[in-house]
Visitor: 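Take a look at this one; I'll ask things after.
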Amino acid sequence: MTTVEVTVPTSPGEAAELFGDGVAVTVVGGGTIVVPLVTHGQLHPVHALMLHASGLDELVDGDTLTVGATVTLARLAEIAPEPLATAARIPDLEIRGQGTVGGNLHTGGDLQPALIALGACVRSVGAGGERIEPVEDFLAGSEPRLVLAVELERPLAGVYLEQRRTHSRTYAVLSVAVARRDDGVHVAVGGFAERAHAVACPSVERALAGGATARDAAAAVLEDVVPEDDPLASAWYRRRVLPVLVARALEQLEESR
Amino acid sequence: MKLVVNGKERLVAAGPLTPLLHVLREELGLVGAKAGCQHGSCGTCTVLIDGEPRRSCLTPVGAIEGASITTAEALGDPANLSVVQAAFDEHYAAQCGFCTPGMLLAATALIERKGGALERDEVVEALGGHYCRCTGYVKIVDAVVAASRGETGTRAPSTLEIRAAGS
């Protein structure tokens, strides 16, 4: 049996220092992702960085909403605007109280499309130091990063819809987040492929800006993503359902005016 | 490290990444919390950590140093059931019983949090993370609603008893 080095930083700065370049570091936030992997022998941490005392749980509710990496989904749901609040309420009550924003962001969680639609930015550290970038760029990155916080502006309105997730899976069959911001309507989708993170839908956004109806604009979602087969649903199913879900979300956004 | 388990201070030797569930069952001999799916989906390992329902199978014990843990063992005993336990008994809310410890603790926390008569949809929402493969949930929800109204102490008649009375 190999021994695990466990470190428990007591400040964000110490967490960043102990994370270093993140190679061979297993970050433990709420534990909902890492602990079962360890229990079932699917993960053998070399260095476990436990964040429960790191002070990364700050939540600043001002013009910009700043959400620390270890803020729980339950706390986020209380203060977040739509579409983020609904996304944070998807897990059951106990998981909401334990799962963190940083972990959810990392693992194909329900927050991803909501954060993209809101134009949120992620502040993180890792090789090359601290940086802040749009959530989509963060998700597209491949090197290990420690999330410090997520920052976002409140939108004018937002809607989150998901095609029901089976209880024991970590992601939805399909999820759609739409947000009306000062510069127009933003659309993001998730769950369309097992290993893909959520993405923005520029074709849908362009169609809307050009005056298309919700239904016509939603059809353009298949220019933005390529749905795949996985154990939850077939690509065929996803291609048919995704435009419907996007259209519904856009219609609900329209009604919220 | 130290934990306060059911009101008693306990010293724990397990490593910090050990799930609380394993500490309770294997180190402290408290087998009320059940090892079900062990990835957070089924709910039967639920315990109260500082009064909040949490999955003990997902909680690394190193993250809750000094916390107060409540397990099903602390709720009551056969001669002196807690209100929620009595309601489960009266409403036939347990069949095989495997999910019951998690259900009881989640329901107990819900009733304390809301502090009054609960609606069915509030119970369904709060117990949404708990699987029961026997009852179909109706009787569990009946029991929790009754417990929230303090309606315990009179056992409801069973289906067989109702049929017998009607024949």
Side-chain angles (χ1 to χ4, degrees), chain A residues 1-10 26-54 56-57 70 72-75 77 89-100 103-104 107 109 164-170, chain B residues 1 14-23 25-26 33 35-67 99 102-103 105-107 109-110 113-114 122-133 137:
Chain A
M1 215 177 120
T2 53
T3 47
V4 192
E5 183 200 357
V6 176
T7 54
V8 183
T10 55
T26 300
V27 177
V28 185
T32 61
I33 297 156
V34 168
V35 172
L37 290 175
V38 173
T39 300
H40 294 287
Q42 293 164 322
L43 180 69
H44 303 277
V46 177
H47 170 196
L49 180 66
M50 296 181 74
L51 295 182
H52 58 279
S54 66
L56 283 168
D57 58 348
T70 62
T72 61
L73 299 175
R75 278 179 71 204
R89 274 191 207 101
I90 289 171
D92 56 56
L93 185 119
E94 289 88 356
I95 305 297
R96 257 180 265 160
Q98 191 167 346
T100 65
N104 193 288
T107 51
R164 223 181 139 139
R165 176 176 66 159
T166 55
H167 186 80
S168 59
R169 301 291 294 211
T170 54
Chain B
M1 64 171 287
L17 287 183
T18 312
L20 173 62
L21 174 69
H22 295 182
V23 171
R25 291 182 61 87
E26 290 159 27
C37 70
Q38 297 193 67
H39 56 219
S41 296
C42 76
T44 190
C45 73
T46 300
V47 299
L48 306 186
I49 302 180
D50 293 330
E52 296 291 332
R54 292 285 179 269
R55 298 275 186 272
S56 63
C57 76
L58 298 180
T59 304
V61 72
I64 54 164
E65 165 103 55
C99 72
M103 292 279 189
L105 287 161
L110 173 68
R113 192 164 62 244
K114 298 274 180 166
E122 292 177 284
V123 177
V124 169
E125 156 73 16
L127 297 185
H130 296 255
Y131 270 7
C132 170
R133 305 285 74 173
Y137 303 101

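Convention: sequence-line order gives letters A, B, ...; per-chain numbering from 1. Not measured: the values here are computed from a predicted model.
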Visitor: Taking Q38(B)'s backbone N and O only, do any of them form a donor-acceptor pair with H40(A)'s side chain (distance below 3.5 Å, no angle check)?
Guide: yes

Visitor: Pick one of side chain, backbone, both or neither for E52(B), based on which atoms fall under 4.5 Å of a heavy atom in chain A.
Guide: neither

Visitor: Can you check whether anything in residues 60-67 of chain B gets within less than 4.5 Å of chain A, heavy-atom wise, and list it by number?
Guide: P60(B), G62(B), A63(B)

Visitor: Are the side chains of T39(A) and C57(B) in touch, meaning some heavy atoms are under 4.5 Å apart?
Guide: no

Visitor: With chain A, which of G43(B), A126(B), P53(B) has the greatest number of heavy-atom pairs at distances under 4.5 Å?
Guide: P53(B)

Visitor: Identify which part of T32(A) has an atom lying under 4.5 Å from any heavy atom of chain B, answering side chain, backbone, both or neither.
Guide: both

Visitor: Using 0.5 Å steps for rounding, measure from the CD1 atom of I95(A) to the CZ atom of R54(B).
Guide: 9.5 Å

Visitor: Under a 4.5 Å heavy-atom cut-off, does chain A meet the side chain of T18(B), its backbone, both or neither?
Guide: neither

Visitor: Hey, does the side chain of R55(B) reach the backbone of E94(A) with a donor-acceptor pair shorter than 3.5 angstrom?
Guide: no

Visitor: Given P16(B), which partner from the list V6(A), V4(A), V8(A) fulfils the side-chain contact (heavy atoms from CB on, under 4.5 Å) test?
Guide: V6(A)

Visitor: Quick check on the structure: residues of residues 47-54 of chain A within a heavy-atom distance below 4.5 Å of chain B, by number.
Guide: A48(A), M50(A), H52(A)

Visitor: Indicate the atoms forming the closest heavy-atom contact of Q98(A) with L58(B), along with that distance.
Guide: NE2-O, 3.1 Å

Visitor: Measure distances from R89(A) to the heavy atoms of chain B and classify the residue's part below 4.5 Å as side chain, backbone, both or neither.
Guide: neither

